[in-house]
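Okay, structure first, notes after.
Treat the numbers as computed from the prediction; the structure is a model and nothing was measured. Reminder, nothing fancy here: chain letters follow the sequence lines and each chain counts from 1.
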There are 2 protein chains.
Amino acid sequence: MRRLMIKPELCKVDTALGIIVGKWKPTILLHLLVEDTLRFNALKRKIPDITQRMLTKQLRELEEEGLVSRTVYPVVPPKVEYTITPYGKKLEPILHAMHEWGKAHIERKSQPSTEE
Amino acid sequence: MRRLMIKPELCKVDTALGIIVGKWKPTILLHLLVEDTLRFNALKRKIPDITQRMLTKQLRELEEEGLVSRTVYPVVPPKVEYTITPYGKKLEPILHAMHEWGKAHIERKSQPSTEE
DNA sequence: CAGTATCCAGGACGATACTG
DNA sequence: CAGTATCGTCCTGGATACTG
C-alpha cells in the first residue's frame, strides 16, 4: 500500500469542496480559465441553461473566495467584467484531474467488464 | 496564459464531484485509504459525529460507484467489512491535492496580506 | 446590460426509535 | 453488530417578474 498522507480528522478536503461545489461553479471557472475575462452576458451565453439569478449568485461566491474578480465600468449601459485571479488559476490542475477521473469513470461504467 | 485543456461544455468535473460530494464521503474515503479495511462500527468510532443512517447511506453510495466494497460475514453477531477498491485508490492524488489547496486557502484567509 | 426580489420544490441531512 | 424506518428541517437551485 502506498505511503500516506493525510490524517482524516485534520483533512481540509471539505474546505476545498465547499468552495468549488455549486451547480455552476466548475463550469464558470473553466470558462474563465479559457477566456481569462468575460462579461456577465458573455458568460451567460456560454452557459445557456443558467439563470441570471444563479449566475450572479455563483459569481458572488467565487468572488468572495478570491477565485474571481469583478470589475464594474461606470458606463451606460452597464459593463461588468469577471476575471479569474492568479489564485483561482491554481485550481486548474485539480479541475483537470477531476475531469480525467470523471471521464474514466463514465467509460468504466459503460463497459463493466473491467477488472480493477 | 497557460495552455489549456478542457472544453468547458464537455467537462466531466461535475461527474467526479457528483461522486465524491457528500457530507461524509471524503472522510470515509480517507479513513479507508489509511486503514484499507474497516468494520462498520470501527468506521463509526473514527467518525464520531456521523449517525448510523448517514454512515450506511454514504457507504452504499460509494459502493455503488465501485469505490468501496462491502463484505458480509455470515456470523453472529454480524460482521461487515468495508474495503477501498483499487479503483477507489485512484482518487487519492485528487483528494490529496484538494487537501493541500484547502489548507492553503485557510492560511490565506487568516492572513489577508498576501498578494496573488 | 447586469442585475434584484419573491416564491417554491426537491433533496440532503439529522434525530430518534426500532430490529434480525 | 449492523443496520431500517419515519419524520422533520434547512438549504440549494429553479421560475418568474421587476429595475437602475
Side-chain angles (χ1 to χ4, degrees), chain A residues 11 13-32 35 37-65 67-84, chain B residues 8 11 13-32 35-65 67-84:
Chain A
C11 158
V13 172
D14 289 338
T15 306
L17 282 175
I19 289 157
I20 62 176
V21 166
K23 176 102 173 256
W24 306 99
K25 283 182 194 172
T27 310
I28 293 171
L29 287 172
L30 259 347
H31 279 290
L32 289 176
E35 309 271 346
T37 298
L38 284 168
R39 294 181 62 168
F40 185 85
N41 268 7
L43 213 33
K44 179 140 176 34
R45 272 189 298 276
K46 287 183 177 290
I47 313 175
D49 289 346
I50 200 172
T51 62
Q52 280 188 341
R53 174 181 129 83
M54 282 313 292
L55 182 52
T56 306
K57 211 160 159 276
Q58 307 267 295
L59 281 168
R60 290 288 187 282
E61 291 173 20
L62 291 172
E63 192 194 353
E64 196 158 348
E65 300 299 343
L67 305 183
V68 162
S69 73
R70 177 174 181 263
T71 312
V72 181
Y73 297 88
V75 295
V76 190
K79 172 176 172 180
V80 179
E81 281 184 350
Y82 292 91
T83 305
I84 186 121
Chain B
C11 158
V13 171
D14 289 339
T15 306
L17 282 175
I19 288 156
I20 61 176
V21 165
K23 176 105 172 253
W24 307 98
K25 282 182 194 171
T27 310
I28 292 171
L29 288 171
L30 259 347
H31 279 291
L32 289 176
E35 309 271 346
D36 216 84
T37 298
L38 283 168
R39 294 181 63 168
F40 185 85
N41 268 8
L43 212 34
K44 177 140 178 35
R45 273 190 297 276
K46 287 183 176 290
I47 313 175
D49 289 346
I50 200 172
T51 62
Q52 280 189 341
R53 174 180 130 82
M54 282 314 293
L55 182 53
T56 305
K57 212 161 159 275
Q58 306 266 296
L59 280 169
R60 291 287 187 283
E61 291 172 20
L62 292 172
E63 191 194 354
E64 196 158 349
E65 299 299 342
L67 306 183
V68 162
S69 73
R70 176 172 181 263
T71 311
V72 182
Y73 297 89
V75 296
V76 190
K79 172 176 171 180
V80 179
E81 280 184 349
Y82 292 92
T83 305
I84 186 124

Ranking D/dG13, C/dG3, D/dG14 by distance to the side chain of A/Thr51, first place goes to D/dG14
Closest to the side chain of B/Asn41, out of C/dA2, D/dC1, D/dG14, is D/dC1
What's the [atom1]-[atom2] distance between [X] and [N], to the nearest Å?
| X | N | atom1 | atom2 | answer |
| --- | --- | --- | --- | --- |
| B/Leu38 | D/dA2 | CG | C1' | 15 Å |
| A/Met54 | C/dG3 | CE | C1' | 15 Å |
| A/Asp49 | D/dT12 | CG | P | 21 Å |
| B/Leu55 | D/dC1 | CG | P | 14 Å |
| B/Leu59 | D/dT4 | CG | P | 11 Å |

Partner of A/Arg53 under side chain to side chain contact (heavy atoms under 4.5 Å, CB included), picked from A/Thr56, A/Ile50, A/Thr51, is A/Thr51
Residues in residues 13-29 of chain A with a heavy atom under 4.0 Å of DNA chain C, by number, are none
Side-chain contact, heavy-atom cut-off 4.5 Å: [X] with [Y]?
| X | Y | answer |
| --- | --- | --- |
| B/Pro26 | A/Asp14 | yes |
| A/Leu38 | A/Tyr82 | no |
| A/Ile20 | A/Leu62 | no |

Are [X] and [N] close enough that a side-chain N or O sits under 4.0 Å from OP1 or OP2?
| X | N | value |
| --- | --- | --- |
| B/Gln52 | C/dT16 | no |
| A/Arg60 | C/dT4 | yes |
| B/Arg70 | D/dG3 | yes |

For a quick check of understanding: with a heavy-atom distance under 4.0 Å over all strands, which category does [X] fall into, base, sugar-phosphate or nothing?
| X | result |
| --- | --- |
| A/Pro78 | base |
| B/Lys57 | nothing |
| A/Lys79 | sugar-phosphate |
| A/Glu81 | nothing |
| B/Tyr82 | sugar-phosphate |

query: Are any of the side-chain nitrogens in A/Glu81 or A/Arg70 under 4.0 Å away from the carboxylate oxygens of its partner?
result: no
Any strand, both distances under 3.5 Å, Watson-Crick or G-U wobble: D/dG13 pairs with C/dC8
If pairing means Watson-Crick or G-U wobble with both distances under 3.5 Å, then the partner of C/dG20 is D/dC1
Ranking A/Arg45 and A/Arg53 by the position along DNA chain C of their nearest nucleotide, the one closer to 5' is A/Arg45
So CH2 of B/Trp24 and CG of B/Leu55: to nearest 0.5 Å the spacing works out to 10.0 Å
Interatomic distance, NZ@B/Lys46 vs CG@B/Leu32, rounded to 0.5 Å, equals 10.0 Å
